[in-house]
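Protein chains get the first letters and strands the later ones, always in sequence-line order, with residue 1 at the start of each. All values reported here derive from a predicted model rather than from experimental measurement.
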Amino acid sequence: MAEYIKIKDVARYNGQEVTLKGWLYNKRSSGKLRFLLLRDGTEIIQCVVFKGSVSPEVFERATQLTQESSCIITGVVSEDKRSALGYEIQVNDLEIVQIAGEYPISKKEHGVDFLMDHRHLWLRSKKQHALIRIRHEVIRAAREFFDSRDFTLVDTPIFTPNAAEGTTTLFETDYFDQKAYLTQSGQLYGEAAAMAFGNIYCFGPTFRAEKSKTRRHLTEFWMIEPEMAYCDLDQDMDVAEAFVTHLVQSVLKNRRRELEVLERDTSKLENIRPPFPRIHYNEAVEIIKKQNPDFIDGDDFGAADETIISEQFDRPVMVHRYPAEVKAFYMKRDPENANHALAMDMLAPEGYGEIIGGSQREDDYDALLERIREHNLPEKAFAWYLDLRKYGSVPHAGFGLGIERTVAWIAGIRHVRETIPFPRTMTRLYP
RNA sequence: UCCGGCGUAGCUCAAUGGCAGAGCGGGUGGCUGUUAACCACUAGGUUGUAGGUUCGAGUCCUACCGCCGGAGCCA
């Protein structure tokens, strides 16, 4: 009885008979030969069925196999330079688990909409495999980064009673005859947790009902948000650059094959190491005005403006101290200039846009109450949030990193929708 | 929401206002080394929907629907 192994491990079994269980990726035939490309989720290997060395039944089954049919193959691992993997299987036995019907995804090109309609099947293809594995590595490395620095994981609720930032459009749900909203950020709860545990992070899905139809937007996306007590904006940026460096270097180290599948130019990732440039909003405006003279000082940056800034540098750039007016109510004002907030955005290189948004939070009770009133937010709903400033308030800061934008940048793919297994956009709720 | 583009075979696309086609995928047959294999044959169509112009519309016009990606907003 041959040992059941995964394809990625075949090198350890050279010359031995093994059993592989998987799906037919592709088939080529030539008279008395059948070349079966078998995938099992770990790798793809070519299995050679020669009419002269198997029973007529086995050869007939090899002939019947259609694309994506499930089957169990037993054969001898043999080294072969002609094979892409370096090894192939000389088949002795083949058992059909199920003959697949006509498979919708062919070997030629398809349009995005068609592929997204078949997302449940598209995930079987090489490029999608590579992307989802890189996503996995980014998430694994993200958790590793915070876990190894003694941050406590404190997950925050998905259902929330009110808008965290007031302005953004939220998904509304009926919560036993009350209105509840799907969270757009765990931050406010993260602040409460930071006052309890010191350093914390939360990681979960967030929801935005914005009618955005660009390659950088999803209505449901994943965000990892650290929050740190006794932390100022500069220290916040220190953590952010160490964090992003760790993500990039982990993918380079552990997912190099996947980056190759995606034909990513890794030279652009190698130099992602601290220090990242940090520029004041006013410096950023000077840079933008050279190329976009119409830019009005005090405005937030548009997508084109962000690209102008990120193009100046070979690594992510952090822009800090934005005008308070364009930023959220909870951000602390710059003591040097009250018109600016102690905020920072990290812009990824190569035009991928904002991957991090963070700030030092307002820790003064009266100042925060004033902000809440200025923004016409329901005071009562924020009573608990104000409590945090009443009972042992300390300087604190944090940020949120969008997983999908980060993966798109590291993987070098244009659109965020392929970086999540089942994307949700304004026009996509199926499958 | 606004701006722009695209809707033709299962898929990707072609067709000057004048016979609706190719490649891939499917089916049948052939080949002992294929690498998106190849070769031959074959089936496959309400040209997004509704109206209009015209002797004649896939092609021109109007409306609607769907998708794409850009703006705004954001990660």
- prompt: Who is the Watson-Crick or G-U wobble partner of B:rU12, with both distances under 3.5 Å?
  reply: B:rA22
task: Under a 3.5 Å limit for both distances, which nucleotide forms a Watson-Crick or G-U wobble pair with B:rA40, could you say?
output: B:rU28
message: Do A:Lys289 and A:Phe295 form a cation-pi contact, if we require the NZ or CZ to be under 6.0 Å from the six-membered ring centre and within 45 degrees of the ring's axis?
response: no
message: Whole angstroms only, please: what is the CE-C1' distance between A:Met331 and B:rC74?
response: 11 Å
Donor/acceptor link under 3.5 angstrom from A:Ser212 side chain onto base of B:rG72: yes
task: Using the closest heavy atom to pick a nucleotide of RNA chain B for each, name whichever of A:Glu404 or A:Glu102 lands nearer the 5' end.
output: A:Glu102
task: Any chance you could lay out the salt bridge (Lys or Arg N to Asp or Glu O under 4.0 Å) test for A:Lys332 and A:Asp363, step after step, and finish with the verdict?
output: CA-CA 7 Å; A:Lys332 193 173 179 65; A:Asp363 50 27; 3.0 Å; yes
query: Tell me: CG of A:Leu33 to P of B:rG30, nearest whole Å?
result: 15 Å
Any strand: nucleotide that pairs with B:rC64 via Watson-Crick or wobble, under 3.5 Å: B:rG48
- prompt: How far does the C1' atom of B:rG44 sit from the matching atom of B:rU1, given to the nearest Å?
  reply: 42 Å
- request: Please tell me which of A:Lys327 and A:Arg34 maps to the more 5' nucleotide of RNA chain B, matching each residue to the nucleotide holding its nearest heavy atom.
  value: A:Arg34
For atom CG of A:Asp113 and atom C1' of B:rC65, their distance in whole Å: 14 Å
- line: For B:rG17, the nucleotide meeting Watson-Crick or G-U wobble distances (both under 3.5 Å) is none
field: Protein-nucleotide distance (A:Met426, atom CE; B:rC67, atom P), rounded to Å
entry: 9 Å
message: When the P atoms of B:rG27 and B:rG4 are compared, how many Å lie between them, rounded to an integer?
response: 46 Å
field: Watson-Crick or G-U counterpart of B:rG58, or none if no pair lies under 3.5 Å
entry: none
- request: Rounded to the nearest angstrom, tell me the gap between atom CZ in A:Phe243 and atom P in B:rA75.
  value: 15 Å
message: Rounding to an integer number of Å, can you tell me how far A:Gln46 CD sits from B:rG33 C1'?
response: 8 Å
- request: For the pair A:Phe313 and A:Phe276, evaluate ring pair (Phe, Tyr, Trp, His ring centres under 6.0 Å) and give the outcome as yes or no after the intermediate values.
  value: CA-CA 9 Å; A:Phe313 306 98; A:Phe276 292 180; over 10 Å; no
query: Would you call A:Tyr330 and A:Ser359 a side-chain contact if the rule is heavy atoms closer than 4.5 Å?
result: yes
message: Check this for me: does the side-chain of A:Arg405 come within 3.5 Å of the base of B:rC74 through a donor and an acceptor?
response: yes
task: May I have the distance from A:Leu65 (atom CG) to B:rG26 (atom P), rounded to whole angstrom?
output: 13 Å
message: Check the phosphate of B:rC31 against A:Ser29, side-chain N and O only, distance under 4.0 Å to OP1 or OP2. Yes or no?
response: no
statement: For A:Asp236 and A:Cys231 the tightest heavy-atom approach is N-SG, 3.7 Å
- prompt: Would you say A:Arg428 reaches B:rG66's phosphate, i.e. side-chain N/O to OP1/OP2 under 4.0 Å?
  reply: no
task: May I ask you to verify if any side-chain N or O of A:Lys213 is less than 4.0 angstrom from the OP1 or OP2 atom of B:rG69?
output: no
query: With rounding to whole Å, what would you report as the distance between B:rC2 and B:rU54 at their P atoms?
result: 33 Å
message: On the side chain of A:His217, is there an atom forming a donor-acceptor pair with the base of B:rC74 - under 3.5 Å, no angle test?
response: yes
field: Base-pairing assignment for B:rA71 (Watson-Crick or G-U wobble, both under 3.5 Å)
entry: B:rU1
query: Can you tell me how far P of B:rG66 sits from CG of A:Leu429, to the nearest Å?
result: 14 Å
- request: Spell out yes or no: do the side chain of A:Glu88 and the base of B:rG33 have one donor N/O and one acceptor N/O closer than 3.5 Å?
  value: yes
task: Say whether, by atom type as modelled, one donor and one acceptor occur between the side chain of A:His340 and the main chain of A:Arg321 under 3.5 angstrom.
output: yes
